[in-house]
Structures are given as C-alpha cells and as structure tokens.
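Just follow the structure's listing: the first ligand is 1, and inside any ligand the first atom is 1. Quick caveat, the model's predicted, so the values are computed rather than measured.
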Amino acid sequence: MAPVAVSELAPEQIVRLEETGPAVVLLDQRRLPDEVSEVRCTSAAEVAAAIQDMVVRGAPAIGIAAAYGLALAALRGDDLAEAERVLAASRPTAVNLPWALARMRDEPTPARAHTLHAEEVERCRRMAAHAAELFRPGTRALTHCNAGGLATGGYGSAVGALRAAAERGLVASVLVDETRPLLQGSRLTAWELEQAGIRHAVIADSAAGSLMARGEVDLVVTGADRIAANGDTANKIGTYSLAVLAAHHEIPFYVVAPTSTIDRDLPDGSGIPIEERDPAEVTDRFQARNPAFDVTPAALIAAIVTEDGVHRPPYAL
Ligand code: MRU
C-alpha cells in the first residue's frame, strides 16, 4: 500500500479553555459530520451537562473537558469541591474523568489543564506508534465506536493506531461499525478516516461476524473506557460481542488506550460501573434498555497497547 498523508483536527478545535469570557468551548460531536459547530460552556455545571449530553465524548476527551471545567470554576471563583462533584458525576464508566479531576485538585489552573491535554495527545502518538507494529502490509482492520482524535482531544487511540499504520503504508481498508444507537462509528470515525484519506466502509454492527467468516478482517482494534488491573476492558456496547466473534474466527482483538484509562484499583472488570443511558436513544416507542458499555474479558484480548508499549496476556497492568 502507498503510505497515506494523514491530516487531523487540532486539539484546540476539539476542546479548549478561553480565559477571556471565560468558557470551555467544545466541538459539538452530536452534530458531526453534517454540521461543524461549537458549544460554549460558562460554568462547570454546563461542562458537566455537555459531557452528559455527549457534546464531547470518548474517555480521554471527557477527562480533558472536565479538567478545563475545573479550571473554569477556579477562574470564576466558584466552589471547587462542588464543581468537581458535578463534573465527576456526569458519566460513570470512563475512569479518565476521575483521573483527570484528581490531577487538577492541587492546582486547578488553566496551565495544568493545558498540560494534561497536551500529555494525553502525546500519549496517543506514542501508543499509536507501538500499535502500528501489529499491522502487516495490506491489513484489513475493523473498528468499533469512535476512538479517534474527537474521543481523545487529538490524534486518537484506536484511530491513532490506524493513522500511524496508514502512514507506514500498512492499511488496505477499515471496516467501521456504525455503533448503534448513537452512531459514533458512522458519523465520527468514518468522518475522521475520510479526512485522513484512509480507505474505509461503514457496516451495520451485525455485519461484522459474517465479514469475519468471509475472511475480510485481519484484526480488530478498539479503544477503551476503563481497563481493570487484569486486563478486563470496558468499551462501547458491542465491543464484547466483537471480541467473541474475533476469538471464534481466530482474528486478533487489540485494545489501544492510554495509561489514564487503566484503573489499578479494580482487580477485574466486575467492578466497572456500566452507564445506562436514556432508553429513548434506542426507541421512544417501546420499553427499551440502553447499557452504553460492556466489559470484554482479558482472555479475549490479544494485546493491550498503551504509551508504554504492547502488553500481552497474562496482563498485570
Ligand atoms: O459513549 P462514548 O461515545 O463516550 O463511548 C466512547 C467509547 O466507547 C470509546 O471507544 C472509548 O471512549 C475510547 S476513546 C479513545
């Protein structure tokens, strides 16, 4: 494959703090790709509401938004304990949210939040370079949800791996699960891959198994929202099904995530809180259930890639 020149959104286009105002400004991911617009949040409570409503989403990106939200509260002279409480409660599954807030607690300044943001993007670049080593020339990958720059505040984790592998000329094509019910795959990942010039095709989530059976998938690569110490991994609902399918078809299933997504306080995935979102996101006509995440057992994961390198089982993260 010819190497691909990979373009990407700048981190400050995804999430930033404007000190005059002041406001946290978020690219509105609910409206992409049809409309590129921003939401201005002028309080920590507004940032928390934007995280809950998925104006900004993706584990590292919500941590970064929360960090800017706490810096915003400090600039306004607000009650910081209350601001932290509201931000921490906005979404339960991604550990990046409490991780980022804990790092802001002793110095809730714009400078600290900027540093945290820049470090997350740098972690993405490092883990993507490690993950690219898992690709061979002509690799046909499959990914789920959106683990791109939109989800990490820049560059991306799983999509970062695809970018880095594409730059090395190793990616033939990417199958993109549409990711029911909020379509992060068909709206966000497909848009990012289009901008990056990486060949891709959106599929219905339920098409993945039959395309694996036909020999059209060489590897699966996803991001993560919380990884327990033993490697059990929470990610977007449907990830577990994909990992089971990949195991059945003897296709490697890789997780790419920064160390800010590892929760060493949890020995295994049974303690990961799973967000149940509004059933109306699935259907408002009938009773519905809407678990937003699932947990993939470590035994189904061929490698977990962080900025430190490629970890293989048995995991002791
Ligand atoms: O509900 P979302 O869109 O926030 O879910 C996002 C995911 O599940 C991503 O795969 C995960 O956060 C990894 S992002 C690098």
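In the displayed structure, Q287 atom CD is contacted under 6.0 Å by at most 12 heavy atoms of other residues, nucleotides or ligands. The local environment of CZ in F253 is crowded, with over 12 non-hydrogen atoms from other residues, nucleotides or ligands closer than 6.0 Å. Atom CZ of R199 sits in a sparse spot, with 12 or fewer heavy atoms from other residues, nucleotides or ligands closer than 6.0 Å.
Ligand-side atoms of ligand 1 in range of A59: 12 (O), 14 (S), range being under 4.0 angstrom from any heavy atom. Shown in contact with F293 at under 4.0 Å from a heavy atom are these atoms of ligand 1, numbered in order with element: 1 (O), 5 (O), 8 (O). Which parts of ligand 1 touch T152 is read off a 4.0 Å heavy-atom cut-off, strictly below it: atoms 15 (C).
Ligand 1 is approached by M54 to a heavy-atom distance shorter than 4.0 Å. Under a 4.0 Å heavy-atom criterion, A292 is not in contact with ligand 1. Remark: distances from the non-hydrogen atoms of T239 to ligand 1 are all 4.0 Å or more.
In terms of heavy-atom proximity, P258 sits nearest to E120 at CB-OE1, 4.1 Å.
In this comparison of R57, R277, H144, K236, the heavy atom closest to atom 1 (O) of ligand 1 sits on K236.
Summarising the geometry, atom OG belonging to S186 is positioned 9.5 Å from atom CZ belonging to R180; distances are rounded to the nearest 0.5 Å.
E84 has a carboxylate O that lies under 4.0 Å from a charged side-chain N of R105, or vice versa, which qualifies the two as a salt bridge. Under a 4.0 Å N-O distance rule, the pair R125/E8 qualifies as a salt bridge. Between E38 and R40 there is no salt bridge, since no side-chain nitrogen of the basic residue lies less than 4.0 Å from a carboxylate oxygen of the acidic one.
Nearest to atom 14 (S) of ligand 1 among the protein's heavy atoms is A151 CB, 3.5 Å. Nearest non-hydrogen protein atom to atom 15 (C) of ligand 1 is S157 OG, 3.0 Å. For atom 4 (O) of ligand 1, the closest non-hydrogen atom on the protein side is R91 NH1, 2.8 Å. Closest to atom 7 (C) of ligand 1, if we only count protein heavy atoms, is D225 OD1, 3.2 Å. Regarding atom 10 (O) of ligand 1, its nearest protein heavy-atom neighbour is N235 OD1, 2.7 Å.
No donor-acceptor pair closer than 3.5 Å links the side chain of H144 to the backbone N or O of T179.
The one candidate from T152, T306, I227 that meets the side chain to side chain contact (heavy atoms under 4.5 Å, CB included) condition with T261 is I227.
At a heavy-atom cutoff of 4.0 Å, ligand 1 is contacted by no atom of A257, backbone or side chain. The proximity of N146 to ligand 1, defined as any non-hydrogen pair under 4.0 Å, is limited to the backbone. Only the side chain of C145 comes within 4.0 Å of ligand 1, counting heavy atoms alone; its backbone N, CA, C and O stay farther away.
Of the polar atoms of G223, none of the N or O atoms is found under 3.5 Å from an N or O of ligand 1, judged by distance alone. At under 3.5 Å, a nitrogen or oxygen of Q184, whether backbone or side chain, sits near a nitrogen or oxygen of ligand 1.
Donor-acceptor pairing under 3.5 Å is lacking for the side chains of N235 and T233.
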